[in-house]
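Computed from a predicted structure; not experimentally measured. A note on names: the letters A, B, ... follow the listed sequences, proteins ahead of strands, and every chain is numbered from 1.
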Amino acid sequence: MTNDLRPITLYDSRTHKKRPFEPQQPGKVKMYVCGVTVYDLTHIGHARVFIVFDVLYRFLRHLGYDVNYVRNHTDVDDKILKRAAEKGVDPLELANRFIEELDRDMGQLGIQTPTVEPKVSEHIDQIIAMNQKLVESGHAYEADGDVYYRVESFEGYGKLSKRKLEDMEAGRSGRVEESQKKEHPFDFALWKKSEDEEIGWDSPWGRGRPGWHIECSAMSMEYLGDTLDIHGGGRDLIFPHHENEIAQSEAASGQEPFANFWMHVGMVNVAETTDEGEEVVRKMSKSLGNFWTTRDVLGGYHPEAVRYFMHTTLYRNPITYAMANLEEATQRMEYLYTALQRADKVLERGGWDAADNPPPGPSVSDKYWDLVDNFADRYQEALADDLNTPKALALVGEVAKALNEATQADAEPTEKDAFTVYRLRHHLMTAGEVLGILERDPDQGLAELRELRLDAMELDPQLIDEKIAARKQARMNKDWALADAIRDELDEMGVEIMDSPEGTTWRMK
RNA sequence: GGCGGCGUAGCCAAGUGGUAAGGCACGGGCCUGCAAAGCCCUGAUUCACCGGUUCGAAUCCGGUCGCCGCCUCCA
């Protein structure tokens, strides 16, 4: 029954506190996440946000919640118009192209498709209707074909970002839009007049296009109603984007709050060396030009390694993108897949397999009884605490270690041993499903992981296989000197070999 | 100037009142023809610093220092 689903706790950045998450309708979650303005390839800051909410989406459904997850594409925006003009292409075509690129990258990362992915260009009517409502109620005003939100008309303005209009220094960031048309410097555009050559739609205020913030209000309310259970996005959207969404949405609907929980994902930082040779860690951003595209990162690292890396830090904290961290994550993925591979081999040795012919239960070795029995609960508890993925990974590591320990022996396993391995393996797989890792067959996963490094070093796997075959021959002849020489040769190529009863496997160092 | 966050072992990183998870690196051992992989053992009397509250604080309060983010492009 939906009423007795496991409760979870989430940190709400509006109230700056963790509190029990209670959807308005028991068991049904309305979640809206701000997507990307599609005028370029995504960077890994975007990827982090997508991964975080993907895990939340997976976890809620894992617990049995019914989740209505809406994540938008902003396909009408001045940055898109600018880029399209530079390239001499149609803005919507440009946007669609980058939506396709985004889908490709996020698909590779194993991001599950949200329930709805609305586009601004397909919701112009809703945006105009909301603007009309705001103008009629005095929260917005028309000025020479533009429509502006009147921030002073909304008492709660600043409640999310905890700032007061009078405390803010207009122009502090050097990005204030000069406009004589506005009544107040912080009034923001709901609708912008379009010049003839610009994209535009007819409206009560003439031909124009939506401003930046209004689309999220209009589209979230279209699909999820006046009050969202969860609204998420990157931390840098708190002000002004989410602040403005609150002002628009609450003023338009008369309902408060617009969202019960605000979740904000920490920034991805990048370490750089200054001209003085100093190491500094700064936020990755387009304007600083220090960003890595998702595409580039996936060219060098496995998608599951990228996900693992993202899970090593709490989603609210900043994370530093660095090669060493991605390499460590890669190593951990290899460790986890190796544990699964060992489990499969042990089951096979006993005449069973995990899929069609599992070992009979329910008896489990005493040593692992607690772990097998409590794992699911402990794992859920970790994630139910505001998505504590580092803790979840610690538990995953615990199961993998137990699995490795339980598969130390080369002997044929007893029924009890095999069933223990089978259960531990199952837990590891289930845990992986929620985090979006370990979704490949172990052999496949390991092959993919090493393939990226193979490519990086421009090595031919066939050559490696040949050398391993030669070494096998030498070992059968007990020509240890030759066998070791071949191994050293492989080692210099960065190839590490592992002998086991089932034969020799290898991986990239 | 305003608002917010962070500072935990060599490195990464959980823990927010009950006596410091986990990972990487390092060292020792088991296994191995030798290795690797895997397994076992090993590391903070201590959580930036100072003071306070408390039977008890990394966790709460006050102050100091350092770093970062936002203040209408930003995930």
Q | ring-ring contact (aromatic ring centres under 6.0 Å, His included) partners of A/His311, counting only residues at least two apart | A | none
Q. Which residues pass the salt bridge (charged side-chain N to carboxylate O under 4.0 Å, His left out) test with A/Glu100, sequence neighbours left out?
A. none
Q) Taking only residues two or more places apart in sequence, or in another chain, which ones meet A/Leu288 in a side chain to side chain contact (heavy atoms under 4.5 Å, CB included)? A) A/Arg282, A/Ser285, A/Asn290
For nucleotides 28-32 of chain B, print each protein N/O atom paired with a nucleotide N/O atom at under 3.5 Å, atom names and distance only.
none

Q | Those residues of residues 38-49 of chain A lying under 4.0 Å from RNA chain B by at least one heavy atom | A | A/His43, A/Gly45, A/His46, A/Val49
(Q) Which residues pass the ring-ring contact (aromatic ring centres under 6.0 Å, His included) test with A/Tyr69, not counting sequence neighbours? (A) A/Tyr57
(Q) Using the ring-ring contact (aromatic ring centres under 6.0 Å, His included) criterion, which residues pair with A/Phe21? Sequence neighbours excluded. (A) A/Phe261
Q | Dot-bracket encoding of pairs in RNA chain B, which uses [ ] for pseudoknotted crossings and | for another strand, Watson-Crick or G-U under 3.5 angstrom | A | ((((((((.[[[..)..(...]]]..((((.......))))......[[[[[..)....]]]]])))))))....
(Q) Holding to ring-ring contact (aromatic ring centres under 6.0 Å, His included), I want the full list of residues that pass it with A/Trp480, two or more places apart in sequence or in another chain. (A) none
Q. Can you name the residues that form a side-chain hydrogen bond (donor to acceptor under 3.5 Å, both in side chains) with A/Asp385, not counting sequence neighbours?
A. A/Lys18
Distance-only donor-acceptor hits, side chain of residues 75-82 of chain A, under 3.5 Å, sequence neighbours excluded:
from: A/Asp75; atom 1: OD1; to: A/Val120; atom 2: N; distance (Å): 3.1
from: A/Asp75; atom 1: OD1; to: A/Ser121; atom 2: N; distance (Å): 2.9
from: A/Asp75; atom 1: OD2; to: A/Ser121; atom 2: OG; distance (Å): 2.6
from: A/Asp77; atom 1: OD1; to: A/Lys79; atom 2: N; distance (Å): 2.6
from: A/Asp78; atom 1: OD1; to: A/Arg209; atom 2: NE; distance (Å): 3.2
from: A/Asp78; atom 1: OD1; to: A/Arg209; atom 2: NH2; distance (Å): 3.0
from: A/Asp78; atom 1: OD2; to: A/Lys192; atom 2: NZ; distance (Å): 2.7

Q) Reading nucleotides 11-26 of chain B from the 5' end, what letters show protein touch, with B for base, S for backbone sugar-phosphate only, - for no heavy atom under 4.0 Å? A) --SSS-----BSBSS-
